[in-house]
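Following: one structure in structure tokens, then a few remarks.
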Amino acid sequence: MNTPDSPRPVPEFDLQTLRHSTSHVMAAAVLRLYPTAKLAIGPAIDNGFYYDFDLDTQLKQEDLPAIEAEMKKIIKERFAFTRFTLPRAEALAAVADQPYKVELINDLPADAELSFYKMGDFTDLCAGPHIDHTGRIKAYKLLSVTGAYWRGDSNKKMLQRIYGTAFVTKDELQAHLTALEEAKKRDHNKIGRELEYFTTTEYIGQGLPILMPKGAKVLQLLQRFVEDEEERRGYLLTKTPSLAKRDLYKISTHWDHYRDGMFVIGDAEDEESEVFALRPMTCPFQFQVYLARMRSYRDLPMRFNETATLFRNESSGEMHGLIRVRQFTLSEGHIVCTPEQVENEFVGCLDLVNFMLDTLGLREDVTYRFSKWDENNREKYIGSADEWNRTQALMKNILDHLKLDYVEADGEAAFYGPKLDIQMKNVHGKEDTIITIQIDFQLAARFEMEYVDADGQRKHPYIIHRSSIGCYERTLAMLLEKYAGALPLWLAPTQVAVLALTDRHHEYCRELTRQLQAAGLRVELDDRNEKIGYKIREAQVSKVPYMLIVGDKEQETNTVSVRARDGDKGAMTLQEFTAMAVQQIQNKER
RNA sequence: GCUGGUGUGGCUCAGUCGGUAGAGCAGCUGAUUCGUAAUCAGCAGGUCAGCGGUUCGAAUCCGCUCACCAGCUCCA
């Protein structure tokens, strides 16, 4: 604790530097305890740091306290961090017994400065910067040990990664650890199951969640909302099959790019027989609608939308709650337009997305990512460098016109074009794409989609692949985490819980419930065996927007006592309550 | 797919050295009718994820499979 006599020193380093230095201290401690350890890399990251090791023994969570204790000794020594550089030959000699460091040096450009940091008897190849001495480290904690591939390449060796975090003060550290615990309580995978939004069974299989009545209700509400809004914005609803012959996927090249990720029906190796595959995306199905007859430039833009169930055979370790699953429902759509219309249509897509995010209350939680191709990894993409550069410039231009705050990411594009990805983090801090808008300059030609332009020439249109609210299951997961299960009134599976204080009030409550339902509200009255609503558990009640309490007082005065999630609203008539609730639902209040 | 962890009634968990399963909550029955979750009494509920092996004997030991969790890789 800080006292007036020992004011908290203003550190001349930032948190990232402190954490990076702490990772060095951890590496030194590991090396003391496991002298044969080979070191990989140990950067600071959001909220902490990690270091990757190649060890003979498998570390366990139980081994972390010993490492922390060893770190404490190093910190007590107040070792200085001193920087020095070496010529390449000497640098290589210095790390001769550290193969991963040798590889790192060999991959650095010939003219790169090779800097090292020495701290006690521990020296590490490192660009820095660092704190002045280990005594600065006051508050740290090792969190977990997991596997991680060397250089993030699944073909390379899996190393052992220790995650940790560090803060300037112990209070800040404790606050962070508490926040991590709190975040876990919002985990959709926990509360979604507890509150019975979804479940899984081993007999149905991995990545195949079962949406229970509450989950199914929310998805239905979202779907109606999306389809209605899209209709207002000029979209044409389609409903296309859930599977197709592989020939379709061969044209789109999905068969080449993602065959392992598709559920194939039939012998995929047999080129003679008829083979089907469940659809992993909607594009070529919806394209068939466009292709049904000759199109004119006067028809464009054509905006197609569909609530599409998709199937992807994700690898076993990749499934996660409702966020990553093998069957999911996407608010999918494709806009076919002329080159001149691309910008307007793209802006319209983003406006729709932002409208959705605003309505759901997620706008402040997302970031925008401009996902580009990787020109060094061309086999992942179709089309020429020229076409890629042109289309990416087109999208960047649109984004800059919009003054959108975005980050650029290489190698994150779809194989047919660049994307604007709307990213959101889950409670574990892991980021996922929840919504995407993509510009495709390739598939129209592959599917021979054309329009007759004003000059009488047949031309290939641009196609915008877009979602408006994303994958319904994933969006539900994010909503559950955002609201800790207490969804906004308009989305709540149960909007009103009616609580009869005694059996005397029970009949009256049934009548109230009937009236509320007639007004379109979703009501729950716990009336099993004529028992009183008292039994509605607090754990559930706290998630329900409104609870109506009815006892003698209310029945005599023809009122209900209204308790909202944020406090008591007092007594009012049922009509007053209903009018208020219906208004709030119409406004989609949060 | 890879690394590690987990898997006991609907839920949360206990089960010592292998001797053949226990609690609370939920459920059901009855009593209670109580102003904002856990009133009282009783009842019922488990092939200890599944399969195979070791053993006289396995929830406990070994192997395989399945599912769940965290991380890595992947994500049209």
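Each chain gets a letter, A, B and so on, in the order its sequence line appears, and its residues count up from 1.
Residues A:Glu387 and A:Gln442 have side chains that bring a donor and an acceptor to within less than 3.5 angstrom of each other. Using modelled atom types, one finds no donor on one side chain facing an acceptor on the other under 3.5 Å when comparing A:Asn47 with A:Thr165.
Residue A:Gly417 is out of contact with every strand shown, counting any heavy-atom pair closer than 4.0 Å. A:His320 comes within contact range of the sugar-phosphate backbone alone, with a heavy-atom separation under 4.0 Å but no base atom that close. Residue contacts shown for A:Lys60 are limited to sugar-phosphate atoms, with no base heavy atom under 4.0 Å away. When heavy atoms are screened at a 4.0 angstrom cut-off, A:Glu554 is found touching base atoms of the nucleic acid. Residue contacts for A:Gly317: at a heavy-atom cut-off of 4.0 Å it reaches a base atom on one of the strands shown. As judged by a 4.0 angstrom heavy-atom cut-off over every strand, A:Gln58 is placed among residues touching the sugar-phosphate backbone only. When heavy atoms are screened at a 4.0 angstrom cut-off, A:Thr201 is found touching no nucleic acid atom at all. Counting any heavy atom pair closer than 4.0 Å across all strands shown, A:His257 reaches no nucleic acid atom. At a threshold of 4.0 angstrom between heavy atoms, the contacts of A:His505 with the nucleic acid are absent. The residue A:Lys380 sits close only to the backbone: its heavy atoms come under 4.0 Å of sugar-phosphate atoms, none of a base.
Taking side-chain N and O atoms only, A:His465 has no distance below 4.0 Å to OP1 or OP2 of B:A76. A sub-4.0 Å separation between OP1 or OP2 of B:G1 and a side-chain N or O of A:Ser316 is present. Put simply, A:Lys569 has no side-chain N or O that comes within less than 4.0 Å of OP1 or OP2 on B:U36. Look at A:Lys419 and you'll find a side-chain N or O under 4.0 angstrom from OP1 or OP2 of B:A76. Phosphate proximity of B:C11 to A:Arg193: absent, as no side-chain N or O sits under 4.0 Å from OP1 or OP2. Within the structure, every side-chain polar atom (N or O) of A:Gln438 is placed at least 4.0 Å from both OP1 and OP2 of B:A76. For A:Tyr50 and B:G71, the shortest distance from a side-chain N or O to OP1 or OP2 is not below 4.0 Å.
Rounded to whole Å, the separation between the P atoms of B:C28 and B:G10 comes to 15 Å. Rounded to whole Å, the C1' atom of B:G7 lies 15 Å from the corresponding atom of B:C11. Spacing of C1' atoms, B:G71 relative to B:G22, comes out at 36 Å, to the nearest Å. For the P atom pair drawn from B:U6 and B:U39, the interatomic distance equals 35 Å after rounding to whole Å. Only the P atoms considered, B:U12 is 15 Å distant from B:A26, to the nearest whole Å. With both ends at atom P, the span from B:C40 to B:C25 equals 8 Å, rounded to whole Å. Between B:A23 and B:U65, the distance separating the two P atoms is 36 Å to the nearest Å. The gap from the C1' atom of B:G19 to that of B:A58 amounts to 10 Å, rounded to the nearest Å.
Taking for each of A:Arg326 and A:Tyr163 the nucleotide of RNA chain B with the nearest heavy atom, the 5'-most of the two is the partner of A:Arg326. When each of A:Arg161 and A:Met262 is assigned the nucleotide of RNA chain B bearing its nearest heavy atom, the one mapping closer to the 5' terminus is A:Arg161.
Aromatic ring pairs are classed by plane angle as parallel below 30°, tilted from 30° to 60° and perpendicular above 60°; the pair A:Tyr249 and A:Trp255 is parallel.
Side-chain atoms of A:Tyr149 come within donor-acceptor range of the base of B:G1, with a qualifying N/O pair under 3.5 Å. Side-chain to base pairing of A:Arg324 with B:C74: one donor and one acceptor N or O lie within less than 3.5 Å of each other.
Protein atom CZ of A:Arg466 is 17 Å distant from nucleotide atom P of B:A76, rounded to whole Å.
Under a 3.5 Å cut-off, the side chain of A:Thr433 and the backbone N or O of A:Ile435 do not form any donor-acceptor pair.
Between A:Lys157 and A:Asp54 there is a salt bridge, since a side-chain N of the basic residue sits under 4.0 Å from a carboxylate O of the acidic one. Ion pairing between A:Lys372 and A:Glu412 fails under the 4.0 Å rule for side-chain N and carboxylate O. Classification of A:Glu269 and A:Arg259 as a salt-bridged pair holds, one side-chain N sitting under 4.0 Å from a carboxylate O.
Base pairing analysis places B:C2 opposite B:G71; the two distances defining the Watson-Crick or G-U wobble pair are each below 3.5 Å. Within the shown strands, nothing qualifies as a pairing partner of B:G45 under the Watson-Crick or G-U definition with both distances less than 3.5 Å. Nucleotide B:C13 forms a Watson-Crick or G-U wobble pair with B:G22, both donor-acceptor distances falling under 3.5 Å.
To the nearest 0.5 angstrom, A:Tyr472 atom OH is 15.0 Å from A:Leu322 atom CG.
Here the nucleotide nearest the side chain of A:Glu318, chosen from B:G1, B:A76, B:C68, is B:G1.
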